[in-house]
Each structure stands twice: as C-alpha cells, then as structure tokens.
Protein chains: 2
Amino acid sequence: MTTSSMKDVARAAGVSVGTVSNVLNRPEAVAEETKRRVQAAIAKLGYVRNDSARQLRAGRSRNVAIVVLDVANPFFTDVVRGAEPLVDSAGGVVTVCDSGEDVRREQRQLEILEEQRVLGLLITPVDDSSTERLERLTDHDIPVVLVDRGAGLHPHCSVAVDDVHGGRLAARHLVERGHTSIAYIGGPLSISQVSDRLAGCREVCEEAGARLEAFTSVSLNVAGGRQAVEQMLRLPSPPTAVFCANDLVALGALQGLTMHGVKVPEECAIVGYDDIDFAAAAAVPLSSVRQPRAQLGRTAAQLLFEEIAEGKGHTHRNVVFQPELVARASTDVEL
Amino acid sequence: MTTSSMKDVARAAGVSVGTVSNVLNRPEAVAEETKRRVQAAIAKLGYVRNDSARQLRAGRSRNVAIVVLDVANPFFTDVVRGAEPLVDSAGGVVTVCDSGEDVRREQRQLEILEEQRVLGLLITPVDDSSTERLERLTDHDIPVVLVDRGAGLHPHCSVAVDDVHGGRLAARHLVERGHTSIAYIGGPLSISQVSDRLAGCREVCEEAGARLEAFTSVSLNVAGGRQAVEQMLRLPSPPTAVFCANDLVALGALQGLTMHGVKVPEECAIVGYDDIDFAAAAAVPLSSVRQPRAQLGRTAAQLLFEEIAEGKGHTHRNVVFQPELVARASTDVEL
DNA sequence: CGGAATGATTGAATCGTTTCACGTGGGGGT
DNA sequence: ACCCCCACGTGAAACGATTCAATCATTCCG
C-alpha cells in the first residue's frame with residue numbers, strides 16, 4: 001500500500017477535497033452523514049495528513065525548537081520538560097536540538113530551523129557568535145527567547161537565574177555552619193555563571209570574615225573537581241568546606257576526598273550547584289543550589305507565545321528567577 | 001523585513017525561478033556570471049529556503065526521528081550521539097523525541113512523525129501497544145529500526161545487546177574474585193533486560209556453586225537500590241557482593257552501604273550495568289557492564305539507510321552486540 | 001407562492017519548490 | 001554553408017492541503 005492523499009479520500013467518499021478538509025478542520029460545518037462517509041474513507045485508506053503541504057499553506061510550522069548546549073545535562077532536560085506541556089497545550093510540537101556547545105553545529109541547526117519556519121525558538125546560545133543570526137530570525141518574524149543568558153541589548157525576551165545570589169546562598173549556608181575557610185572550585189571565569197557564583201560567594205565570605213580560596217583553572221566536570229581537591233589537600237591547612245560551580249564538579253570533589261580518606265561532611269563539607277538527580281544519589285547526598293529549571297522552561301515558553309500573540313507591538317521581557325538551597329548530608333555538621 | 005521567496009530572488013536577479021533553484025541545487029549547471037548575480041540577490045534579500053515546499057515536492061522530509069524512553073538517560077543520549085554523524089553525512093537531520101515511557105505520548109509522537117513524513121525512525125517502543133502503528137509506518141514506506149528490542153516476527157530491522165551475556169560477565173567477574181554469595185538487585189522481572197541479566201548471572205553462579213540471592217521487587221532507580229541493600233543487610237549473613245540491574249540501582253546500593261558504614265569494596269563489592277558516566281564518577285568508582293551504546297546508534301542508523309536505499313527488496317537484519325565489563329574500584333579486592 | 005435566509009458542498013486559487021521538456025544561440029566539424 | 005551538439009535558461013506542471021467566493025438545495029416567512 002502506498003500513501004494516499006486528500007484527493008483519494010475525496011474520491012472514495014464521493015465528495016470534494018474541500019469537504020474532506022472541512023471534516024478534518026471544522027467538523028461542525030459538515031453534515032453528519034457526509035462526515036461519516038469521509039471518516040470511513042479515511043480509515044479505509046489509512047490516510048494521514050501531509051504536514052508539509054499544510055505548513056506550506058499556513059506559512060509556518062507548529063514546531064517550537066529548543067536549542068540546548070547538551071541534552072545529557074539534566075539542567076536542560078528539565079527546562080525542556082518545563083516547556084513541553086505549555087507548547088503542547090498551545091497545539092505546538094517541541095523539537096529539541098543539541099548544539100553540543102559547538103558553534104558550527106549550532107549554526108547548522110539554526111539554519112535548518114529557519115528553513116523549517118519554526119514557530120519560535122528557545123535557545124541557550126554557545127557564545128555571542130550567533131547573535132547576528134538570532135536577530136535575523138526575529139526579523140523574519142520568528143520569535144526567540146534566550147534561556148539562561150541575559151538578553152542584554154538584543155531584541156529578545158529572556159529567562160535566567162540569579163547566579164550571584166546562588167553563590168551567596170551557598171556561602172551563607174556554610175558560614176552559618178561555622179566554616180571560616182572555604183574553597184571555591186570552578187572555571188573558567190570567562191563563563192559568566194562561574195564568575196557570578198564566585199562573586200556571590202566572595203561577597204558573603206568577606207562580610208563574614210571567612211577565608212576564601214578559589215580554584216578556577218579547572219574544567220566543569222568530575223575530573224576537574226577531583227583534581228582541584230587533590231591540589232587543595234596539598235595546602236598546609238586545607239579549607240573545611242568546598243563550594244563547587246556545579247554538581248559534576250562536586251561529585252568529583254566527593255570522589256577525590258573519599259579517595260584520600262577525608263570524611264564528608266565531618267572533615268570537609270561540600271555544596272554543589274544545580275541539584276541534579278545524581279546530587280541526591282551520591283554516596284553522601286550532596287547539598288546543592290537548586291535552580292527552578294522547569295519553571296525556567298515554562299516561563300520561556302510563555303514568553304514565546306506572548307510574543308507570537310502580540311506580534312509587532314510586543315515589548316521584550318527579561319525574567320530573572322532566584323535559586324534556593326537544598327541541604328543534605330554533605331553539609332550536615334556544625335563545627 | 002518580511003520573508004522572501006524564490007520568486008523575489010528571481011525577480012531581483014533578472015532570471016527565472018528555475019534558474020534560482022539550479023543555483024541552489026545544481027550550481028555546476030549554471031553559468032558563473034548568472035550564479036553570482038543570483039547569489040548576490042539571495043544575500044541582499046536574506047532569502048532562506050522554505051523546507052515545507054521542498055519537502056512537499058520531494059514527498060518526504062530529511063528528518064530521521066529517534067524516539068527514546070527518556071532523554072535524560074545517558075544510554076539513549078549516547079545512542080543518539082552514535083547515530084547522529086551517520087545521519088548528518090547522509091544529508092539528514094536528527095529529531096529526538098522523548099516518549100517518557102508514556103504510551104499515549106508515544107502514540108502522539110508517532111502520529112506527528114507520520115504526518116511529517118519522516119525519512120525513517122529509530123525507536124525503543126514503550127511496550128507492544130505500538131506494534132500495529134509501527135507496521136503501518138512500514139506500510140507507508142517509512143522504515144523503522146527497533147533499538148534495544150528484539151524485532152521478533154515484526155517486519156523491522158533491529159539492534160540490541162545480549163543481556164544474558166552481560167549477566168554472565170558480571171557474575172564471572174565476581175566469582176573470579178572469590179565471591180561465593182552474591183545478590184542480584186533489579187526488577188520487575190517483566191522487563192526482559194532485568195530477567196535476562198539475572199538469567200546470565202544465575203547460570204554462572206550455579207556453574208561455580210555460588211549462592212545467589214535475588215531482590216526483584218524494586219524499581220530501577222537509586223531509591224530501589226538503597227532499599228534493597230537495607231533489606232539485604234538485615235539477612236543473617238549478607239552476600240559479599242551485589243550485581244545491580246543498572247547503574248542507578250548500583251549508585252543507590254553504594255549510598256545504602258555507605259550510610260550503614262559498610263566499606264566498598266572491602267566488605268561488599270558492587271557491579272552495575274550500563275556504565276553511565278556517573279558510574280565512574282561515584283565516590284567509589286563503580287565496575288559496570290558497558291553496552292556499546294554509540295555503536296548501537298550508529299548501526300541502527302546504518303540499517304535504516306540500507307533499508308531506504310534497498311527499498312522493497314530489503315531483507316531485515318537483527319544485529320546483536322556483546323557487552324563488556326569495565327572493572328573499577330568497587331570490585332577491586334580479592335577475598 | 002415568491003423571495004430571503006440558512007446550510008452544505010464545490011471548485012479554483014494559492015503557498016514555494018523542484019523538475020523536466022523545451023527553446024535559443026553559439027561553436028565546431030565536415 | 002549546413003547540421004548537430006552543447007551549454008544555459010525558461011516556463012509550466014506537479015506536490016497536497018487550506019480557504020473562500022460561488023453554487024445549489026432547503027426551509028422559512030410574509
């Protein structure tokens with residue numbers, strides 16, 4: 001059996017294609033009897049609507065694309081999950097694209113998405129190199145919402161989380177537990193998240209008179225955390241707590257400490273960032289700064305649809321959320 | 001600025017639309033001078049090809065869809081990554097769909113994908129309820145490759161991994177290290193992966209005369225592993241090793257053991273399954289049975305394109321890969 | 001009973017590409 | 001000078017769904 005079109009259905013049901021279209025799109029405008037005949041024909045032929053044709057006519061697709069830095073990163077999967085229900089209920093379809101932090105890949109994806117005339121776009125750009133292309137999308141009436149990146153002067157809406165405040169939360173938590181010597185692990189500083197979190201942490205430490213040691217020449221993964229901890233343990237009097245720029249680094253830190261027989265949290269406390277599922281799943285469950293990820297996605301989708309609805313007269317909004325601290329065993333001790 | 005079409009470009013360059021199309025698709029067939037003029041017009045107008053129209057004409061899209069049970073699961077993200085390069089180089093585009101183990105979601109996705117006339121489909125179906133629809137896709141000339149599911153009698157190609165053998169590998173590894181009392185943690189047995197791994201494990205244990213205790217009424221996640229371990233520790237003489245149906249369970253086991261002050265691997269060894277990144281990242285790096293995930297994806301894509309190329313005369317193939325054991329600290333001790 | 005209002009259906013135009021059968025003009029071979 | 005071929009371009013016909021003005025058949029009302 002081969003694919004059949006509306007014309008085939010129309011012929012089989014003895015009506016015109018216009019009527020078939022009506023059955024599909026405005027069933028209330030078609031007589032009961034006719035409707036039945038058409039539906040029977042559809043079932044018999046196994047007819048499936050051709051979305052390309054429909055989109056061509058409509059001028060745009062129903063796809064909302066989400067371009068993320070890494071699909072394997074729980075942060076982004078949660079953002080996607082947050083956005084999905086809203087897009088769904090607006091009759092849209094979510095397409096997830098993984099740029100893999102690769103500018104060239106990102107460019108290619110954007111190109112394809114533009115060719116597909118997507119309804120809108122949520123994106124965490126790899127860096128500034130796509131700015132131009134994103135503005136062009138907006139020019140072509142494809143609204144863009146930036147996720148986890150400030151919009152700055154760009155003509156887009158954005159949703160983000162206050163990383164400086166997140167840094168404050170972590171440091172305050174440790175200071176409250178009596179720590180006076182804290183290590184910050186995460187790099188490079190060129191990533192705004194990394195430097196913002198450090199800034200917040202520093203602010204609180206200075207205020208409280210705590211010593212702060214920053215290990216910023218590490219990569220943001222497990223190996224980075226492990227290495228930094230090893231470096232740290234070589235200090236004459238190592239800090240009694242570490243605050244890590246994300247949970248992968250924190251897991252690495254935990255591993256490094258465990259390997260060297262340092263007890264967590266008794267001899268060294270750990271705070272991570274992101275509160276990924278594996279933070280709670282660690283041998284010693286990790287305290288972590290949680291970002292409202294799902295809400296980020298939900299709000300991003302909301303802004304997108306607002307922009308679609310309002311059209312030209314739309315004013316861009318930049319929404320900033322506050323993170324919260326989740327305390328677990330890795331900091332569960334008072335000095 | 002609004003979106004411009006080929007016609008606009010043609011007008012601006014003083015040629016016919018056919019020529020514009022040629023510049024885009026068969027540049028060698030058009031004179032240098034003309035080509036330059038057209039390209040200039042394209043740049044000036046910011047023309048972007050309309051994929052809907054292209055697809056409509058072509059009768060199919062360039063999209064290869066991959067429907068997975070859970071995008072957040074590293075198993076699937078690696079499968080996707082394995083498939084991507086191949087699809088890319090074939091001029092295709094990968095679309096990832098997350099069924100979230102929800103049959104209704106899966107149905108909806110398949111519906112949409114069929115409407116989009118995807119080029120082909122790699123899928124790990126939630127259960128048997130989509131069998132019918134998948135066959136229909138094949139009927140409609142959309143090739144389907146099953147991932148991590150045997151094709152059985154269905155008219156599809158498939159790629160899978162030998163789970164029984166994986167169970168054997170894990171058990172043999174433990175037996176070789178002198179363990180004579182082993183626990184298997186994972187459930188429910190209705191999942192073929194769970195029961196196959198147990199079967200392989202049992203086979204080796206019986207052969208070696210080792211005692212095997214199976215905890216099969218747990219869910220396949222961290223909490224499940226933790227609970228099973230707690231149950232296990234209440235036994236009069238607990239096993240000295242646990243083999244977990246997947247790494248999440250193993251991480252839970254590690255957490256449970258750590259909480260109860262049981263040293264890993266000295267007092268209890270652990271083997272996981274899947275070798276997700278977090279296995280190596282655990283406080284005590286976990287030994288695990290690794291599946292050739294990327295290769296699974298790559299091969300699946302290969303089979304798909306073979307089927308596309310061969311058309312009607314295609315014979316379905318069912319490829320089965322062998323897993324391998326990765327030894328790490330969690331089993332690094334001889335009794 | 002004529003005419004208007006209502007309801008159901010039709011037919012054709014349209015969206016933007018691709019493709020292919022045809023021009024058209026210029027060169028080369030004989 | 002003739003013919004043929006080649007290289008370039010053209011124009012129009014698809015592809016399949018949506019939309020809307022136009023048509024046809026009823027029913028209702030005065």
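Numbered from 1 within each chain, the chains take letters A, B, ... in sequence-line order.
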**Q** As a test of reading the structure: which of C:dT9, D:dT18, D:dG16 is closest to the side chain of A:S5, going by heavy atoms?
**A**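 Ranking C:dT9, D:dT18, D:dG16 by closest atom to the A:S5 side chain puts D:dG16 first.
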**Q** Once you round it to whole Å, what is the distance between P of C:dT18 and CD of A:E115?
**A**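 About 9 Å, once rounded to whole Å.
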**Q** Taking NZ from A:K35 and P from C:dA8, how many angstroms apart are they, rounded to a whole number?
**A**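 In whole Å, C:dA8 P lies 10 Å from A:K35 NZ.
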**Q** Pairing donors with acceptors under 3.5 angstrom, does anything connect the side chains of A:D148 and A:Q193?
**A**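 Yes, a side-chain donor-acceptor pair sits under 3.5 Å.
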**Q** Taking the inter-plane angle between the rings of A:H314 and A:H316 on a 0 to 90° scale, is it parallel (under 30°), tilted (30 to 60°) or perpendicular (over 60°)?
**A**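 Perpendicular: the ring planes of A:H314 and A:H316 meet at over 60°.
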**Q** What's the closest nucleotide to the side chain of A:M6 if the choices are C:dT18, C:dT9, D:dT18?
**A**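 Of all the options, the side chain of A:M6 is nearest to D:dT18.
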**Q** Expressed in angstrom and rounded to an integer, what is the separation of A:N50 atom CG from D:dT18 atom C1'?
**A** 13 Å
**Q** On DNA chain D, nearest-nucleotide positions of B:A29 versus A:R54: which is more 5'?
**A** B:A29
**Q** Could you state the CG-P distance from A:N22 to D:dT18, rounded to the nearest angstrom?
**A** 10 Å
**Q** How do A:A53 and A:E28 order along DNA chain C: which one's closest nucleotide is nearer the 5' end?
**A**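 Closer to the 5' end of DNA chain C: A:E28.
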**Q** Is there a side-chain contact between B:Y47 and B:L24 (heavy atoms, below 4.5 Å)?
**A**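 Yes, at least one pair of side-chain atoms sits under 4.5 Å.
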**Q** Within the 4.0 Å heavy-atom criterion, would you say B:S52 contacts the bases, only the backbone, or no part of the nucleic acid?
**A** nothing
**Q** Is it the case that the side chains of A:Q55 and B:S52 hold a donor-acceptor pair, with the cut-off being a distance below 3.5 Å and no angle test?
**A** yes
**Q** Report yes if a side-chain nitrogen or oxygen of B:R49 is closer than 4.0 Å to either non-bridging phosphate oxygen (OP1 or OP2) of C:dT18; otherwise report no.
**A**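 Looking at the OP1 and OP2 atoms of C:dT18, one of them is under 4.0 Å from a side-chain N or O of B:R49.
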**Q** Under 4.0 Å, counting only non-hydrogen atoms across every strand here, what does B:G18 touch: a base, just sugar-phosphate, or nothing?
**A** base
**Q** Can you tell me if A:E106 and A:S130 form a side-chain donor-acceptor pair at under 3.5 Å?
**A** yes
**Q** Nearest to the A:S21 side chain among C:dT18, C:dG11, D:dT18, which nucleotide is it?
**A** D:dT18
**Q** Look at the side chain of A:Y47 and decide which nucleotide, out of D:dA17, D:dC15, C:dC15, has an atom nearest to it.
**A** D:dA17
**Q** Rounded to the Å, how far apart are B:L24 CG and C:dT19 C1'?
**A** 14 Å
**Q** Quick one: does A:V96's side chain get under 4.5 Å of A:V71's, heavy atoms only?
**A** yes
**Q** Whole angstrom is fine here: how far is it from NZ in B:K7 over to P in D:dT10?
**A** 16 Å
**Q** What is the distance, to the nearest angstrom, from the CG atom on B:D51 to the P atom on D:dG16?
**A**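 Spelled out: CG on B:D51 to P on D:dG16 is 17 Å.
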**Q** When only distance counts, do a donor and an acceptor, one from the side chain of B:R57 and one from the base of C:dT17, lie under 3.5 Å apart?
**A** no
**Q** Take the protein atom CZ of B:R26 and the nucleotide atom P of D:dC8, then report the distance between them rounded to whole Å.
**A** 13 Å
**Q** Identify which nucleotide among C:dT9, D:dT10, C:dT18 has an atom closest to any side-chain atom of B:S16, counting heavy atoms from C-beta outward.
**A**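 The answer is D:dT10.
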**Q** Measuring from the side chain of A:V30 (C-beta onward, heavy atoms only), which nucleotide among C:dT9, C:dT17, C:dA12 has the closest atom?
**A**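 It is C:dT9.
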**Q** Measure from the side chain of A:L56, starting at C-beta and using heavy atoms only, and say which of C:dT9, D:dG16, D:dT10 lies closest.
**A** D:dG16
**Q** By the 4.0 Å heavy-atom rule, please label B:V20 as base, sugar-phosphate, or nothing.
**A**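 If one applies the 4.0 Å heavy-atom cut-off, B:V20 turns out to touch nothing in the nucleic acid.
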**Q** Applying a 4.0 Å non-hydrogen cut-off, can you work out what B:N25 is touching in the nucleic acid: base, sugar-phosphate, or nothing?
**A** sugar-phosphate
